[in-house]
Amino acid sequence: QLEGHVQSLHKKVTSRVYNTSMPLFKWHDETQKYLHVDVHVLEQYKRKLVKFRHDVERRLNWLRSGSRVPIGSLSEENVIIVLAGSPPSRHTFAHFLQLFFEEQLCTRHSFNLVRVGRWYDVWRKGLVEPSLANLQEAWRWATEDTGCHSNRGLLPS
């Protein structure tokens, strides 16, 4: 049995089940307080946490698949892709570039390609829509060896 004065009621209150029905909880300021836990609300909260965790794991698995592995996920509607590097690295990257074109670039508003090396080369003068014909032509252009390679970073170009 517990007795105590309740300030909001302006009277002394006696409780026999107070300490057994409500767990003692250590508060952020190091005081201890009794906490009322509604089991139904707690179960709903647990279900929401499990669903949220499942959604986050599903999203992370999606981000770790396909073209998002080496490139990431596109968030812009207008995209300019900069291709830099020597032909061997470009051919190694060709599979991921194909996945990128198929999975992400096809849903954007417009795109263009820029090849950077000893000099730079632009696929189109402006942005174009990602139609099937444009994507196929851009793919051929991106994977051909034109001798425009570099072993340097992009900044000097």
Side-chain angles (χ1 to χ4, degrees), residues 1-86 88-116 122-124 126-143 153-155 157:
Q1 179 174 347
L2 293 172
E3 283 187 21
H5 182 74
V6 177
Q7 196 72 11
S8 60
L9 297 175
H10 302 294
K11 64 180 183 177
K12 193 176 202 175
V13 176
T14 305
S15 173
R16 291 194 175 106
V17 291
Y18 185 67
N19 61 345
T20 58
S21 66
M22 296 182 2
L24 193 59
F25 181 76
K26 195 173 213 177
W27 212 244
H28 61 86
D29 62 356
E30 300 299 321
T31 60
Q32 292 186 345
K33 300 185 185 220
Y34 288 97
L35 184 67
H36 173 73
V37 178
D38 186 347
V39 178
H40 177 70
V41 173
L42 180 63
E43 291 302 319
Q44 283 181 333
Y45 181 72
K46 284 181 180 179
R47 280 194 296 275
K48 286 180 181 180
L49 276 179
V50 168
K51 183 186 178 311
F52 177 73
R53 180 180 176 203
H54 174 71
D55 290 346
V56 168
E57 287 174 347
R58 198 176 83 239
R59 173 75 173 163
L60 285 173
N61 288 335
W62 178 79
L63 285 170
R64 292 180 187 136
S65 67
S67 66
R68 291 164 295 280
V69 173
I71 297 172
S73 183
L74 280 182
S75 60
E76 297 295 325
E77 288 298 315
N78 301 312
V79 181
I80 296 176
I81 302 163
V82 179
L83 303 169
S86 61
S89 66
R90 186 172 293 131
H91 291 299
T92 305
F93 201 64
H95 174 68
F96 289 115
L97 195 60
Q98 178 184 358
L99 286 174
F100 176 72
F101 276 36
E102 292 172 356
E103 293 177 356
Q104 297 190 58
L105 198 57
C106 64
T107 61
R108 300 297 140 193
H109 183 263
S110 59
F111 77 103
N112 199 358
L113 303 175
V114 177
R115 194 175 357 218
V116 177
V122 180
W123 176 60
R124 292 284 183 255
L127 296 172
V128 297
E129 69 177 58
S131 66
L132 182 59
N134 283 339
L135 288 171
Q136 287 174 342
E137 189 179 333
W139 166 250
R140 282 192 290 276
W141 185 85
T143 56
L154 293 176
L155 196 55
S157 300

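Put simply, CG on Leu42 and NZ on Lys46 are 5.0 Å apart, with the number rounded to the nearest 0.5 Å. For the atom pair Glu129 CD and Leu135 CG, the distance stands at 9.5 Å (nearest 0.5 Å). Taken to the nearest 0.5 Å, the CD atom of Glu103 stands 10.0 Å off from the CD atom of Gln98.
Cation-pi contact between Arg115 and Trp141: present, with separation from the ring centre below 6.0 Å and deviation from the ring axis of at most 45°.
Within a 6.0 Å sphere centred on CD of Gln32, other residues, nucleotides and ligands contribute more than 12 heavy atoms. Crowding of Glu76 atom CD: a count of heavy atoms from other residues, nucleotides or ligands under 6.0 Å not exceeding 12.
Exactly one residue among Asn78, Leu105, Ile80 makes a side chain to side chain contact (heavy atoms under 4.5 Å, CB included) with Phe111. That residue is Leu105.
When all heavy atoms of Leu113 and Ala138 are compared, the pair lying nearest together is CD1-O, 3.5 Å. Contact detail for Arg124 and Val128: the closest heavy-atom pair is CG-CG1, 3.9 Å.
Asp55 has no carboxylate O lying under 4.0 Å from a charged side-chain N of Arg59, or vice versa, which leaves the two without a salt bridge. Salt bridge absent: Glu137 and Arg140 never bring a charged side-chain N and a carboxylate O closer than 4.0 Å.
Between the side chain of Asn61 and the backbone N or O of Glu57, at least one donor-acceptor pair lies under 3.5 Å.
Aromatic ring pairs are classed by plane angle as parallel below 30°, tilted from 30° to 60° and perpendicular above 60°; the pair Trp139 and Phe101 is perpendicular.
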